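Computed over heavy atoms, backbone and side chain alike; hydrogens, waters and symmetry mates excluded. Each chain gets a letter, A, B and so on, in the order its sequence line appears, and its residues count up from 1. Just so it is clear, the model here is predicted, and its values are computed rather than measured.
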Amino acid sequence: MLNIELQNNVHTILKNIFNENEQILDFIKTKGAKIEYPKERKFGDYSTPAAMQLAKILKKNPFEIAGQIKAELEKNDKYEKVDVVKPGFINIFLSNEVLFHELKTIQEQKENYSKPKEQKEKIIFEYVSANPTGPLHIGHGRWAALGDTLSRILKWAGYTVFREFYVNDAGVQVKNLNKTVEALKNNEPVPEDGYHGEYVKEVLDYGGEPIDFFLEQQKQTLSEFRVEFDNYFSEKKELHDKNNVKKVIEDLKSKGLTYEQEDALWFKSTEYGDDKDRVLIKSDGNYTYFSPDIAYHKTKINRGYNKIINFFGADHHGYIKRIKAAVNALSEKKVKFDVIIGQLVSLFREGEPVRLSKRTGTMITLSEVIKEIGTDATRYFLTAIKADTPLDFDLALAQKKSSDNPVFYIQYAFARMNSIVKKAQEKNVEITFKFEPVEFQDAERDLIVKILKYPEEILDAAKQLEPHRVTNYLLDIATLFHKFYESCKVIDENDLNTTQMRMFIVFSVRQALETLLGLLGINAPERM
RNA sequence: GCGCCCGUAGCUCAGCUGGAUAGAGCAUCAGACUUCGAAUCUGCAGGUCAGAGGUUCGAAUCCUCUCGGGCGUGCCA
C-alpha cells in the first residue's frame, strides 16, 4: 500500500537526518508519522504533518524540519512533487506512473490486492444468538448484517474467523414457550409468563419441538439474508447434556474463585474487574443464566481460539464485565475478549414509528423487511451506520428505487461500468490497455486515488471492528465514479489512446467495487 | 445514586488513534439528456459540532463539569 510505503520512507529519512536520535526512534516506534488524505486537491494525494508532530519533541521549527524531509522525498521519483505549506505540512503528489502501476496490480491480483499474507489470530465470533422462541426481528438483522460483514472483513484481513450462533435452547424461556404451545393446543388462555404474540400459533401445525420450529425458521431467514454461520452451538446438547456447566463451576471452585453465601454459590468476578460478585447457583439449587454462559465461553477457550468477539445488544451491556471476568479467570488472561455493542433499531414508515413488540404480535419480522425491501437494501442500511449509534430505519425510504436510495446508487455505478464495456464490444473497440500516459483530469485522479485506498479501508475496519467504514467508503467510490462518468467520456473512437487509458481505469474500479460489494454481501448486478 | 452509550445542516447519519475552509444522502430552490444508461451530474442555500471551562502551535475529536436522550444497574433470561 502506497501510504504505508510513504510512511516508511518518511521514517527512514527521519532516521538519516537525525542520526538515529533516540527521540526519533521512539516516535517512529510509538506514534509514527501520520499519513493523511487531504480534502483539497491542491494539498496533494497524500499529506503528512510529521514535521509538526516532531517540532514539539525536537524543539525545532516545524517548517525547517519539513523542508529537510521534502528535499529527501523529492529524490524518489515515485513522488512527482513535494510541497511544504504554512506551519509545516508536507504535501505529496504521486507520479502518474505509480498510479498506473497500482491500478494494474489491482487488476492482476483481483480480490487479493494488498491483502495481508501473514496469518493473524484465531477468532471465534458470536453474533445474533437470538432465543429460538420466535422469529428474528430487525434488531437481530442489524447484528446479523454487521456480524456477517465484519467476519468477511476480518477474514480478508488475515484472521481465521469461526462464526457461531449460540442457541439458547435450555432455559426458562423454553419452558415458557412449551407451556404457551400446550395452552394454545388445548384452547386455554396463554399463561402470564408465556408468549402472547400471534406468531406462536404458527407452531401448532408443526410436529416437533416448538424450539426446533423457530430455529429452522431463523436459519431460513438468515439464509435469505446471506448470513452464514460455521456452527449453531446448542446450549442443551453441548453444555447441559455433557455436564459442562457443572465442570466449569468445579473448575472455578478449584481455583478458589467461588464462595458460598446465603445458600448460594458466588463467583469472585470482582477479582477480574467486575463491579460486584455474581451468583452461579441460586439458593434454590438452580443455575443462573450466567453459569451456562461461562461454560460456553470455556468451550471457546478450549477450542483453541486466542480471541473471542461477541456482538451484544445494548440492553446486554451490563453483562459484559462479568463475562470478561469469567474469560480472564478461565484463560488466565491469555485469551482476548472483545465486545461490540449494537444499539437498537427503531423502525419507521414515512416518519411514523412501527412497533415491534414481541408480546403484542404486531411485530415486524426481519423476514418481512427483507421481503419488502430486499436483502441488498436491508444489508446496506443496517451496515451503513456505526453499531454504536441508535438507528432509525425508515422502510418507505429504503424501498424507494430512486436516487434517494444509496444501494441503487452504488449498484448503478457498477452496472454503468459494465455498460461501458458492453458498448466497447458493440463498437468493436479492442481493449488492449496499451496507451501513452496522458495528464489526468481531476475526476480521473480523484477516482484513482480513492480506489487505491481500499485495502487500507478494509484493514481499518477490521482493526477497529467497524464494518460501517467499508459501507461508507463504497458510497464515496460510487460518487466519484459517477462524476468521472459525466466528465470523462470513456469511449472515443477519435482518441484511442485516451479510450484505452480510461478503459483501464474502469476495469480497475470495477474490480475493486466487486471485491467491496462481496465483503458487504451485496449483489453486484451487471444490469439493472 | 452509580455505570455504559448517544447529542454534528430541516431529517437520517459520516468524520472522533488531535491537523489545513466540518462532509454525504434526503428534503428545498435553480440548471444539464441528438453523445458510453438522467436510477446520473452541476450549482444555490442550509452549522454557536448540546453548553461551559481546560490541555496546545492546532480541538467536532483528548480531559473536567453542566444540560438533554437511551440503556443497564436481580439469587431474570
Selection from [options] that lies nearest to any side-chain heavy atom of [X]:
| X | options | value |
| --- | --- | --- |
| V85(A) | rA20(B), rG72(B), rC36(B) | rA20(B) |
| M528(A) | rA39(B), rU40(B), rA14(B) | rA39(B) |
| N131(A) | rA77(B), rG72(B), rA20(B) | rA77(B) |

Taking only the [atom1] atom of each, what is the distance from [N] to [M] in whole angstrom?
| N | M | atom1 | result |
| --- | --- | --- | --- |
| rU55(B) | rU64(B) | P | 15 Å |
| rA59(B) | rG19(B) | P | 11 Å |
| rC71(B) | rC29(B) | C1' | 41 Å |
| rG15(B) | rC62(B) | P | 12 Å |
| rC63(B) | rA30(B) | C1' | 47 Å |
| rC67(B) | rC57(B) | P | 33 Å |
| rC26(B) | rU21(B) | P | 28 Å |
| rG23(B) | rU61(B) | C1' | 15 Å |

**Study point:** Beyond-backbone contact of F433(A) with M503(A), side-chain heavy atoms, under 4.5 angstrom
**Key:**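 Touching, per the 4.5 Å side-chain cut-off.
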
Point to revise | Non-hydrogen side-chain atoms of I458(A) and L519(A) separated by less than 4.5 Å | key: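 I458(A) vs L519(A): side chains touch.
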
Contact class for [X] vs. all strands (heavy atom < 4.0 Å): base, sugar-phosphate, or nothing?
| X | result |
| --- | --- |
| E426(A) | nothing |
| R527(A) | base |
| S487(A) | nothing |
| V172(A) | sugar-phosphate |
| A264(A) | base |
| A424(A) | nothing |
| Q411(A) | nothing |
| K34(A) | sugar-phosphate |
| K282(A) | base |
| K39(A) | sugar-phosphate |

Review point. Which residue, N178(A), L177(A), V172(A), forms the side-chain contact (heavy atoms from CB on, under 4.5 Å) with V174(A)?
Key: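 Of the listed options, the one satisfying the test is N178(A).
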
Value in whole Å for how far the [atom2] atom of [N] lies from [atom1] of [X]:
| X | N | atom1 | atom2 | result |
| --- | --- | --- | --- | --- |
| M417(A) | rA39(B) | CE | P | 16 Å |
| K29(A) | rU17(B) | NZ | P | 23 Å |
| F311(A) | rC5(B) | CZ | C1' | 14 Å |
| L280(A) | rG74(B) | CG | P | 16 Å |
| I373(A) | rA39(B) | CD1 | P | 21 Å |
| D388(A) | rU12(B) | CG | C1' | 17 Å |

Review point. Are F393(A) and F348(A) near enough that their ring centres are under 6.0 Å apart?
Key: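 Ring-ring flag for F393(A)/F348(A): false, centres at least 6.0 Å apart.
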
Point to revise | Test of ring centre spacing under 6.0 Å for Y46(A) and Y37(A) | key: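 Yes.
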
Report yes or no: is the ring centroid of [X] under 5.5 Å from the six-membered base ring centroid of [N], with the two planes under 30 degrees?
| X | N | value |
| --- | --- | --- |
| F89(A) | rA20(B) | yes |
| Y412(A) | rG37(B) | no |
| H482(A) | rA38(B) | no |

Check your understanding: On a plain distance test, is the side chain of S283(A) in donor-acceptor contact with the base of rC75(B) below 3.5 Å?
Key ->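 Between rC75(B) and S283(A), which were checked side chain against base, a qualifying N/O pair under 3.5 Å is present.
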
**Study point:** Side-chain-base donor-acceptor pair under 3.5 Å for H316(A) and rG72(B)
**Key:**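 No, no donor-acceptor pair under 3.5 Å.
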
Base-pairing mate for [N] - Watson-Crick or G-U, with both contacts under 3.5 Å:
| N | value |
| --- | --- |
| rC13(B) | rG23(B) |
| rC71(B) | rG3(B) |
| rC62(B) | rG54(B) |

Review point. Is the base of rC33(B) syn or anti, where syn means the angle lies within 90° of 0?
Key: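 Judged by the O4'-C1' to base torsion, rC33(B) sits in syn, the angle falling within 90° of 0.
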
Check your understanding: Where the side chain of K70(A) meets the backbone of V82(A), is there a donor-acceptor pair that is under 3.5 Å apart?
Key ->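 Present.
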
